[in-house]
Amino acid sequence: MENAGVGWIAAIIIGGFAGWLAEKVMHSNMGVFMNILLGIIGAIVANWILGILQIQPLSGWLGYLITGFVGACILIAIGRLIRR
């Protein structure tokens, strides 16, 4: 998160928003705490995947929001696969 230029409080806010967006797009029903976790962990997962693919993610708030959203969608999809 430090590399993205986002502090811890901002990461929680942006992560919550990214998780909420992913929740709406993926039509899942989760609470605020899970949205925050999905957004933050999703950003970490998406940055890891982008690193493997050697793609430089966007930086700053917008980059963290986009990677958090994409990562949260990936985590929701994986969770659905595991439940089946």
Side-chain angles (χ1 to χ4, degrees):
M1 279 178 276
E2 309 265 328
N3 293 339
V6 178
W8 285 101
I9 294 174
I12 292 171
I13 294 169
I14 296 169
F17 188 64
W20 177 78
L21 285 174
E23 177 186 51
K24 296 302 177 191
V25 169
M26 299 292 289
H27 302 292
S28 63
N29 189 15
M30 299 182 189
V32 174
F33 184 70
M34 274 307 283
N35 286 342
I36 293 169
L37 281 178
L38 281 173
I40 293 172
I41 295 172
I44 294 168
V45 168
N47 274 324
W48 178 71
I49 292 171
L50 291 174
I52 289 174
L53 298 174
Q54 296 181 354
I55 299 172
Q56 182 66 30
L58 296 172
S59 62
W61 292 56
L62 181 61
Y64 192 79
L65 178 65
I66 292 170
T67 55
F69 169 73
V70 171
C73 288
I74 291 169
L75 291 176
I76 290 171
I78 290 171
R80 286 182 180 168
L81 287 175
I82 292 172
R83 285 187 204 159
R84 289 184 182 183

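Here the structure is a predicted model, which is why all the values come from computation and not from measurement.
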Would you give the length of the straight line joining atom CG of Asn47 to atom CD of Gln56, rounded to the nearest 0.5 angstrom?
9.0 Å
Other residues, nucleotides, ligands: >12 heavy atoms within 6.0 Å of Ile9 CD1:
no
Please report the interatomic distance CD1(Ile13) to OH(Tyr64), rounded to the nearest 0.5 Å.
11.5 Å
Value rounded to 0.5 Å, distance of CD1 in Ile76 from CG in Leu81:
12.5 Å
Please name the pair of heavy atoms, one in Ala72 and one in Leu38, separated by the smallest distance, quoted to 0.1 Å.
CB-O, 3.5 Å
Heavy-atom closest contact (Ile40 atom, Ala11 atom, distance):
CG1-O, 3.7 Å
So do Ile49 and Ile74 actually touch side chain to side chain, heavy atoms under 4.5 Å?
yes
Point-to-point distance, once rounded to the nearest 0.5 Å, from CD1 of Ile36 to CZ of Phe17:
13.0 Å
Scan for side-chain hydrogen bond (donor to acceptor under 3.5 Å, both in side chains) pairs involving residues 21-31, sequence neighbours excluded, and state none if there are none.
Glu23-Asn35
Between Gly39 and Ala18 the two heavy atoms that sit nearest each other are CA-CB, 4.3 Å
For residues 9-21, which residue pairs pass the side-chain hydrogen bond (donor to acceptor under 3.5 Å, both in side chains) check, not counting sequence neighbours?
none
